Participant: 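Shown below is the structure under consideration.
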Amino acid sequence: MQQVVLEIKSHFRELPKARDFVREFCCRNAQWSFDEEDICHLELAVHEAAVNIIRHAYANRIDQRIVIEAHWFDDKLIFRLNYWGQSFDRDSVPPPVLDGTAEAGFGLHMIDCCVDEATYIQSEKGKKTVCLIKQKKTPESCVREAEEVNI
Amino acid sequence: MDFDMETIGDIVVVLLPGETLEASITLEFKQGIEPLLEQNTKVVFDMSRIRFIDSMGCGVLLTSFKRLKDKGGWLKLCCITDPVDSIFKLMGFDRIFSIFENREDVVNAFKSSD
């Protein structure tokens, strides 16, 4: 397993650092065959998770910590965003309205669309974690994707 | 926030500035675009420079879209980059916005709907 860590402040201006971190980590492990679209989706998922932490967990305070860990396993890639603000109940958030009448409330849905699994964890010592998991592409999944595009 | 604009008849084409439309600039974007939405009814956003958009960026586009629609106007988008196109398709926003390949196509579409 490989692991890399980035710490940023809870400020929107720090978000490009988080996206660059994701991109560099994915590109460093090119053997995983993530394409440009996969990398864009991972960048967006981590970005959206960090935005939620800044806006809701830290109530827009700009001097708080967000520690982002990236882990490579044999079968998956995991980004963990650790923070120490207000806890978050995923089930309390209603599903997004995507018919053009709503102007907000898309962030969590974007995360769900961009990764294979998103979980929200609270530890005993006040640390909270957003865990984003992307499964490794296999030759079979690549063929399946190509077939779906051709349908 | 400054916008490069081109007026073609009663259509205003706005080149969205910067490479991102995201949380850090949406407030500034809203304030900058407000007078333009107030004064016009037919608006095109040229998104050729935008390489990254997040949920709040999509939100300000939808706000602009609704604002113009509510007063009988239209917002159309053109010159979408691949990363933005991917996000729109992921979220289904490609079915909400009228998206055109280039400025000429979108201006012609406005004219034909008159």
Side-chain angles (χ1 to χ4, degrees), chain A residues 8-20 22-23 26 34-56 58 60 62 66 93 95-116 118 145 148-149, chain B residues 1 17-31 33-34 37 43 45 47 49-71 73-77 80-99:
Chain A
I8 60 172
K9 291 292 183 193
S10 56
H11 195 299
F12 286 154
R13 288 185 187 149
E14 297 272 283
L15 295 171
K17 287 185 196 171
R19 299 200 299 269
D20 290 345
V22 171
R23 177 166 292 274
C26 291
F34 281 146
D35 59 24
E36 178 59 27
E37 189 170 51
D38 292 326
I39 296 171
C40 286
H41 289 176
L42 282 166
E43 284 181 313
L44 181 62
V46 170
H47 169 101
E48 289 290 342
V51 167
N52 283 341
I53 291 168
I54 293 169
R55 294 182 68 202
H56 304 299
Y58 287 140
N60 292 311
I62 61 174
I66 302 174
V93 180
V97 179
L98 299 170
D99 62 0
T101 59
E103 299 165 26
F106 313 124
L108 291 175
H109 183 65
M110 274 190 177
I111 293 171
D112 290 342
C113 289
C114 288
V115 295
D116 295 308
E145 271 185 23
E148 285 171 4
V149 168
Chain B
M1 182 175 281
E19 292 191 352
T20 67
L21 186 53
E22 57 167 308
S24 63
I25 61 163
T26 48
L27 181 61
E28 193 185 353
F29 182 92
K30 276 184 188 174
Q31 290 169 345
I33 207 73
E34 174 59 29
L37 299 178
V43 178
F45 284 171
M47 298 185 64
R49 289 185 181 170
I50 306 294
R51 308 290 307 173
F52 177 81
I53 188 166
D54 68 0
S55 61
M56 292 178 73
C58 291
V60 295
L61 293 183
L62 285 161
T63 300
S64 304
F65 173 82
K66 282 181 64 180
R67 179 82 192 280
L68 291 167
K69 191 177 178 186
D70 287 348
K71 63 175 187 174
W74 274 106
L75 172 69
K76 296 182 191 287
L77 309 179
I80 308 283
T81 60
D82 287 344
V84 174
D85 182 54
S86 171
I87 300 306
F88 278 1
K89 285 178 176 157
L90 197 69
M91 298 295 291
F93 293 147
D94 58 320
R95 296 190 296 273
I96 295 169
F97 296 118
S98 297
I99 301 174

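FYI, side chains are in, hydrogens and waters are out, and symmetry mates aren't considered; it's all heavy atoms of this structure. So you know, we letter chains A, B, ... as the sequences are listed, proteins then strands, and number each from 1. Everything quoted here is computed from the prediction, not taken from an experiment.
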Participant: Taking B:S24 for the side chain and A:R13 for the main chain, is one N or O donor matched with an acceptor at less than 3.5 Å?
Facilitator: no
Participant: Specify which of A:C114, A:C40, A:C113 makes the most heavy-atom pairs with chain B at under 4.5 Å.
Facilitator: A:C113
Participant: Pick one of side chain, backbone, both or neither for B:F52, based on which atoms fall under 4.5 Å of a heavy atom in chain A.
Facilitator: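 Contact with chain A involves the side chain of B:F52 alone.
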Participant: So with a 6.0 Å cut-off around NZ of B:K30, is the heavy-atom count from everything else above 12?
Facilitator: no
Participant: What residue, out of B:P83, B:C58, B:S86, has the most heavy-atom pairs lying under 4.5 Å from chain A?
Facilitator: B:S86
Participant: For A:H11, is it the side chain, the backbone, both or neither that has a heavy atom under 4.5 Å from a heavy atom of chain B?
Facilitator: neither
Participant: Quick check: does any side chain N or O of A:E14 sit under 3.5 Å from a backbone N or O of A:K9, one acting as donor and the other as acceptor?
Facilitator: yes
Participant: Which one, B:T20, B:D82, B:D54, B:L62, leads in non-hydrogen pairs under 4.5 Å with chain A?
Facilitator: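 Winner by heavy-atom pair count: B:D54.
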Participant: Side chain from CB out, backbone as N, CA, C, O: work out which of these in A:L15 comes under 4.5 Å of a heavy atom of chain B, or both, or neither.
Facilitator: side chain
Participant: So, for A:I54 and A:S10, which heavy atoms are closest and what is the spacing to 0.1 Å?
Facilitator: CG2-O, 3.6 Å
Participant: Do A:D38 side-chain atoms and A:D35 backbone N/O form a donor-acceptor pair below 3.5 Å?
Facilitator: yes
Participant: So B:F93 and B:F88, would you call those rings parallel, tilted or perpendicular, with 30° and 60° as cut-offs?
Facilitator: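 Geometry flag for B:F88 against B:F93: perpendicular rings.
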Participant: By a 4.5 Å heavy-atom criterion (distance strictly below it), what part of B:L61 contacts chain A: side chain, backbone, both, or neither?
Facilitator: neither
